[in-house]
2 protein chains.
Amino acid sequence: MSPKAQIPGIAFRKHDHRRCQRQLLSEATQLCAERNLRLTSRRRQVLEILLASHQPMGAYDILAELNRTDPDEQIAPPIVYRALEFLLGEGLIHRIESLNAFISCAQPGHRCGAQFLICRDCDQVAEFEASDDGLLAEAGNLGFAVDHSVVEITGVCAECQKHVG
Amino acid sequence: MSPKAQIPGIAFRKHDHRRCQRQLLSEATQLCAERNLRLTSRRRQVLEILLASHQPMGAYDILAELNRTDPDEQIAPPIVYRALEFLLGEGLIHRIESLNAFISCAQPGHRCGAQFLICRDCDQVAEFEASDDGLLAEAGNLGFAVDHSVVEITGVCAECQKHVG
DNA sequence: CGACATAGTGTTATATTATAACGTAACGAT
DNA sequence: ATCGTTACGTTATAATATAACACTATGTCG
Ligand SMILES: [Zn+2]
Ligand SMILES: [Zn+2]
Ligand SMILES: [Zn+2]
Ligand SMILES: [Zn+2]
């Protein structure tokens, strides 16, 4: 993965991910403490699996990972989905609708609009913060009370455009 | 400037839907003829089911409808999915990712960006043409070659806000 | 026409994603 | 300690989607 300063999203940037990971987990812990919520070990476990990369994972991928690291117990889907539900609710992760997958939030606590660039070549997904969201304003102008917005842009990232063959 | 700030989406407007339906089917027929594509009876059948309303339907809802109107044959999922794939490819219908559902395009042939307002009260979905140019331009500026964009805004429509208790 | 290539359909089975339902355990407050 | 609540574990099943392969319709060319 080469440095691509122009692409937003940490997924596309070279960085000390060890540190990044630790930081995000710490932020999650603090955020839950502030909100008086329980980041239980299951929830933390699922979050950590997602924090291991900046890639989206399917619920069953996460499930497999849980069962791989802990072959004694046989975890079942509802456990994963419940943890995901909690993490989604607190904005610690996002759901990528067009992939049926989940990804750790790059800026937990920012209550950021979740907007994604999805490269169909390298499968990397970058969360990016579109500062000016005219769409929501427009929806608002039309009398629509916006609750949640899904913005997922599929295409080819800058790096992959170079390697076309 | 694009023609926006109209009331979004025909789904939310009172109109002669009989006529609307006929018109859209006719446009689809013509469009396929122009493109030298076969709007076979199966494909037309699926399109007609979606054109019966401006509401999104799951693939299995469509399947059920097929099997209801024609109880002799027992249609299976792949048939529906293949018809949907064709219709999606030609822009005659759209897929709503956050609902796992399909909806007829309000403006076939316009190659319109597919943007949706989804009311979580009345479940109506309005296709609306907004200037998400900002977003796409931003992606473009960042070196990302946009292929397809998903914009789905969930909330409460103007009408439902009045009736809230 | 009749052989052929191709696109579309039908059928079976199965993969993938997600939830219902219900009981148990942990926790937090009286 | 008991009680209400939240989270977890377990089983079963629902809902969504595709793989694989056989068959049929359609158009093309000699
Ligand atoms: Zn990182
Ligand atoms: Zn890429
Ligand atoms: Zn109509
Ligand atoms: Zn509504």
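Keep in mind the model is a prediction, meaning the values are calculated, not measured. Below, chains carry the letters A, B, ... as their sequence lines are ordered, and counting in each starts from 1.
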Using a cut-off of under 3.5 Å, enumerate the N/O to N/O pairs linking the protein to nucleotides 18-27 of chain C.
residue, atom, partner, partner atom, Å
C:dA18, OP1, A:R95, NH1, 2.8
C:dA18, OP1, A:R95, NH2, 2.6
C:dA18, OP2, A:Y81, OH, 3.0
C:dA18, O5', A:Y81, OH, 3.4
C:dA18, N7, A:Y60, OH, 2.7
C:dA18, N6, A:Y60, OH, 3.2

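- For the pair A:L63 CG and C:dT16 P, the interatomic distance rounds to 13 Å; values are reported in whole Å.
- Counting only heavy atoms from C-beta outward, the side chains of A:F102 and A:P56 never approach each other to under 4.5 Å.
- What separates CG of A:N36 from C1' of C:dG28 is a distance of 11 Å, to the nearest Å.
- Here the side chain of A:R43 pairs a donor or acceptor atom with the backbone of A:R38 at under 3.5 angstrom.
- Electrostatic pairing of A:R82 and A:E85 does not count as a salt bridge here, judged by no charged N lying under 4.0 Å from a carboxylate O.
- Shown for residues 42-53 of chain A: residues whose heavy atoms fall under 4.0 angstrom of DNA chain D, namely A:R42, A:R43.
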Side-chain donor-acceptor contacts of residues 151-158 of chain B below 3.5 Å, not counting sequence neighbours, with atom names and distances?
residue, atom, partner, partner atom, Å
B:E152, OE1, B:E97, N, 3.4
B:E152, OE1, B:S98, N, 2.8
B:E152, OE1, B:S98, OG, 2.4
B:E152, OE2, B:E97, N, 2.7

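- Evaluation of the ring-ring contact (aromatic ring centres under 6.0 Å, His included) rule for B:H17 yields B:H15, B:H54 as partners, not counting sequence neighbours.
- For B:T69 (side chain) and B:E65 (main-chain N/O), a donor-acceptor pair under 3.5 Å exists by modelled atom type.
- Scanning for side chain to side chain donor-acceptor pair (under 3.5 Å) contacts around A:Q23 gives A:E27, with sequence neighbours left out.
- With contacts defined as side-chain heavy-atom distances shorter than 4.5 Å, the pair B:V150/B:I96 does not qualify.
- You'll find the side chain of B:L66 reaches within 4.5 Å of the side chain of B:Q45, heavy atoms only.
- Listed for the B:E90 side chain is no donor-acceptor partner under 3.5 Å among the backbone atoms of B:L31.
- Bounding nucleotides for the chain B contact on DNA chain D, 5' to 3', at a heavy-atom distance below 4.0 Å, are D:dT16 to D:dT26.
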